[in-house]
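Shown next, in structure tokens, is the structure this report addresses.
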Amino acid sequence: MNKYRTHNCSELSEKEINKIVHLSGWLHRKRDHGNLLFIDLRDHYGMTQCVIENNNNFFKVLEKTKPESVIKVTGKVIKRSDGTENVDLKTGKIEVSIESLEILSNAKELPMPVFGEQDYPEDIRLKYRFLDLRREEMHQNIILRSKVISFIRSEMLKLGFLEYQTPILTSSSPEGARDFLVPSRLNPGKFYALPQAPQQFKQLIMVSGFDKYFQIAPCFRDEDARADRSPGEFYQLDLEMSFVEQEDIFNVIEKLMVNLFEQFTSKKILNKKFPRISYQEAMKNYGTDKPDLRNPLIIHEITEIFNREDVKFHIFKKMVKTGSIVRALITKNTKDRPRSFFDNIDKWAKEQGASGLAYFTLEQDTKIKGKGPVGKFFSEESLKEIMKHCDAEIGDSIFLACGNKKEIEKILSLARDKIAEDLDIINNDQFAFCWIVDYPMYEFDENSKNIVFSHNPFSMPQGKIENLNFDKPLDIKAYQYDIVCNGVELSSGAIRNHIPELMYKLFSVAGYSNKEVNKKFSGMINALSYGAPPHGGIAPGIDRIVMLLAGKENIREVTLFPMNQNAQDLMMDAPSEIDEKQLKELGLKKDIKKN
RNA sequence: GGGGGUGUAGCUCAGUUUGGUUAGAGCGCCUGCCUGUCACGCAGGAGGUCGCCGGUUCGAGCCCGGUCACUCCCGCCA
């Protein structure tokens with residue numbers, strides 16, 4: 001028999017009454033009546049109430065034992081008398097009458113309590129992560145994560161995929177995020193990079209003839225954190241398939257996501273066949289390529305209105321004349337909202353760095369008019385035109401933004417979220433998935449004034465190769481797609497370019513010579529030159545999926561040991577200094593700028 | 001790199017608007033009482049460089065300047 005326990009802390013029931021049992025666990029809570037002491041003993045599985053009276057020699061010991069100490073209890077299972085059962089507890093019909101106990105590990109006074117549901121500062125939670133993880137909610141989040149990963153593995157195997165592992169120490173790639181670098185001792189002055197994703201490797205697996213690959217893959221990117229983005233490392237369900245078209249990937253992912261979300265939540269999946277929205281359409285209607293489709297608000301283009309003689313809104317008219325555009329958001333039936341509702345949104349917009357949001361409400365007495373600060377600038381005819389164009393009715397309000405396309409998209413996409421939140425019109429019991437498709441192959445980079453790859457340089461451009469117009473590279477679309485759920489970008493994927501000549505051509509548009517391509521992507525180019533299957537894939541972010549399933553807004557809530565926003569592990573004290581000897585071995589010298 | 005928010009007891013927070021005696025509450029901790037609690041109860045107690053540095057002032061938790069930490073966002077994230 002195991003020396004620590006005969007049962008775990010959630011197993012005992014009326015079946016075991018009168019049995020002598022051993023339980024081990026954490027002292028969750030004490031209720032000391034002076035001559036009678038109740039404790040809740042907790043382990044991974046649950047909680048059991050144990051009771052001890054003052055005639056027992058161990059009474060004084062237990063009274064002195066601090067919460068979160070680990071103890072072993074030996075005693076008899078007894079039925080709780082009528083009226084003293086706890087229906088909220090699985091083991092609430094019984095309790096263990098303590099006969100003896102052993103302190104297995106004493107706890108000091110706690111920096112943060114495990115008991116209760118209070119919020120604690122993140123730095124304390126991270127430093128004492130082992131305490132934080134004992135708390136019910138965090139514990140359940142991590143269990144959920146584990147189950148999700150197991151489920152994904154088994155579903156992928158069922159779908160005919162095999163899991164392959166790829167190197168962690170690899171080479172730095174010029175495109176994409178900043179790399180984490182690892183110095184090579186045997187090759188002084190040279191560095192490995194941790195993979196930002198196993199992108200090239202998974203393609204090489206296809207070229208090696210394995211057909212369907214997946215991996216729960218760690219990815220490393222040295223970029224700044226966000227609530228939904230850990231600094232440093234995260235996990236992707238990385239997958240790749242040979243002899244496929246875009247729709248084949250979509251079918252696999254839709255099946256997987258629907259099964260997964262149905263398995264782990266009771267919330268409704270809005271469309272089991274995920275809507276396909278082109279990048280262009282998404283930017284026009286939502287101002288972003290990761291729209292939250294639970295949000296009914298749509299952005300409308302109304303620049304033309306400001307060329308009318310009977311519109312006197314001179315600030316906007318002037319801007320429109322010099323090339324600015326005007327787009328609008330309509331909120332349904334908001335005429336009775338207080339002035340503060342509108343002013344708050346305008347104020348909020350200014351805080352976001354916009355010049356604010358002009359607004360008015362459509363009203364009608366003898367004729368249609370605009371009510372609100374800028375309403376008077378619009379004639380009845382122009383208002384009718386706006387209503388027709390934006391699908392607006394009397395009682396609706398209109399928020400207007402004017403500026404260049406990029407600014408407008410940004411502020412209205414944020415405003416869309418903000419206004420919907422204020423109006424409380426987002427249904428939190430839904431998951432709204434969609435595909436964003438037809439991404440442009442290239443974009444114009446304002447900083448460098450160059451044409452750069454907008455997503456993945458290995459993507460296959462759309463259309464027949466001989467028809468591609470490389471003189472207008474910004475018009476070339478790629479078989480490149482994102483999957484978005486509730487406004488969270490879950491992943492990007494693409495059908496890959498498996499034709500070396502085309503790849504040289506595409507890279508040359510982005511300013512890479514053939515020589516450079518050969519040097520920087522030698523593995524890939526070489527592999528594609530010896531018979532490569534058409535292939536494609538995608539890589540949904542595991543952390544974000546679990547975050548959605550757990551209903552959390554922060555990725556650290558579903559990660560065992562995350563780093564803080566400064567990419568520090570407060571528990572392990574990483575990153576840390578290393579000694580001179582290690583530096584010397586690697587041929588490195590520190591040259592840190594003093595603050 | 002930039003912007004916002006926060007920082008007061010071990011923890012959660014009030015006090016800052018309008019500067020003024022010894023900075024409060026709840027939880028936790030310590031002591032005592034308590035045999036049916038499950039957020040046990042009751043009584044008492046300890047615990048504070050008000051993030052840090054500087055300034056204004058007769059006087060600063062409160063006002064000003066700087067700085068640090070955490071966090072959210074922008075940039076960045078093919």
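Because the structure is a prediction, the values reported are computed rather than measured. Naming: A, B, ... by sequence-line order, numbering from 1 per chain.
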Under 3.5 Å, is there a donor-acceptor pair between the side chain of S97(A) and the main chain of G75(A)? no
Sorted by chain and number, sequence neighbours left out, salt bridge (Lys or Arg N to Asp or Glu O under 4.0 Å) with K552(A) holds for E137(A)
Applying salt bridge (Lys or Arg N to Asp or Glu O under 4.0 Å) to D179(A) and not counting sequence neighbours gives none
Which dot-bracket string fits RNA chain B when only Watson-Crick or G-U wobble pairs with both atom distances under 3.5 Å count, crossing pairs get [ ], and | stands for a partner on a different strand? (((((((..((((......[...)))).(((((.......))))).....(((((..]....))))))))))))....
Any donor-acceptor N or O pair under 3.5 Å, side chains E122(A), N564(A): no
Check side-chain contact (heavy atoms from CB on, under 4.5 Å) between E99(A) and all other residues, then give those that pass, not counting sequence neighbours. I20(A), K76(A)
The correct set of residues in residues 214-235 of chain A placing a heavy atom under 4.0 Å from RNA chain B is R221(A), E223(A), D224(A), R226(A), A227(A), R229(A)
Only counting residues at least two apart or in another chain, list the ones meeting salt bridge (Lys or Arg N to Asp or Glu O under 4.0 Å) with D43(A). R5(A)
Identify, with sequence neighbours excluded, every residue that meets side-chain contact (heavy atoms from CB on, under 4.5 Å) alongside N518(A). Y504(A), I525(A)
Which nucleotide in the list U37(B), U35(B), C70(B) gets nearest to the side chain of N564(A)? C70(B)
For H33(A) and C40(B), are the ring centres under 5.5 Å apart with planes inclined under 30°? yes
Establish, with yes or no, whether the OP1 or OP2 oxygen of U35(B) is under 4.0 angstrom from a side-chain nitrogen or oxygen of N54(A). no
Distances for protein N or O near nucleotides 45-48 of chain B N or O, under 3.5 Å:
none

Hey, can you pull the residues of residues 34-41 of chain A with a non-hydrogen atom under 4.0 angstrom from RNA chain B? G34(A), N35(A), L36(A), F38(A)
Between protein and nucleic acid, restricted to nucleotides 8-12 of chain B and to nitrogen or oxygen atoms under 3.5 Å apart, what atom pairs and distances do you find?
{"residue": "G10(B)", "atom": "O2'", "partner": "P111(A)", "partner atom": "O", "Å": "3.2"}
{"residue": "U12(B)", "atom": "OP1", "partner": "P121(A)", "partner atom": "N", "Å": "3.3"}
{"residue": "U12(B)", "atom": "O4'", "partner": "Q118(A)", "partner atom": "NE2", "Å": "2.2"}

Identify, with sequence neighbours excluded, every residue that meets side-chain contact (heavy atoms from CB on, under 4.5 Å) alongside L133(A). R129(A), M138(A), I142(A), L560(A), F561(A)
Can you list everything that forms a side-chain contact (heavy atoms from CB on, under 4.5 Å) with E489(A)? Sequence neighbours excluded, please. K290(A), D482(A), S492(A), R544(A)
